[in-house]
Amino acid sequence: MGGFEFSNLLKAATSPGILGGVVLLTLALPVWFKLLTMVPFSTAFPAQGLIHFLGIIVGWLVFSEYVPTVRWIGGLFLMIGAYLVSLQG
């Protein structure tokens with residue numbers, strides 16, 4: 001769309017990608033609330049870090065983005081961190 005400009009704001013806001021994201025976020029909210037009733041917040045919230053690694057994968061697979069090695073390593077650290085937080089100690 002040529003970057004952000006006020007002249008294309010309506011076009012950007014009504015694009016399928018943005019509207020799809022709004023729908024997915026709306027559907028995710030009740031799932032998040034349900035999850036919070038099942039596990040402690042201190043476990044559930046750090047696990048959201050997994051979405052960053054999923055973002056790397058989606059960028060690579062869906063959008064054919066180049067993902068440098070350092071970003072894969074960073075995503076791996078996020079996965080390891082989320083796993084460590086999930087351990088019951």
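Positions are given from 1 along the sequence.
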[X] and [Y]: which non-hydrogen atoms are nearest, and at how many Å?
X: Ala44; Y: Leu36; answer: CB-CD2, 3.9 Å
X: Thr14; Y: Leu19; answer: O-CD1, 3.4 Å
X: Thr37; Y: Lys34; answer: OG1-O, 2.5 Å
X: Leu78; Y: His52; answer: CD1-CB, 3.5 Å
X: Leu50; Y: Ala82; answer: CD2-CB, 3.6 Å

When hydrophobic residues are tied together by side-chain contacts of less than 4.5 Å, even through go-betweens, does [X] share a cluster with [Y]?
X: Phe41; Y: Leu35; answer: yes
X: Leu61; Y: Ile56; answer: yes
X: Leu25; Y: Val22; answer: no

Minimum side-chain heavy-atom gap [X]-[Y] below 4.5 Å:
X: Trp60; Y: Glu65; answer: no
X: Phe77; Y: Trp72; answer: no
X: Phe45; Y: Val39; answer: no

Rounded to the nearest 0.5 Å, what's the gap from CG on Leu76 to CD1 on Ile73? Could you check?
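So the gap between those two atoms works out to 8.0 Å.
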How far does CZ of Arg71 sit from OH of Tyr66, to the nearest 0.5 angstrom?
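Taking CZ in Arg71 and OH in Tyr66, the distance rounds to 9.0 Å.
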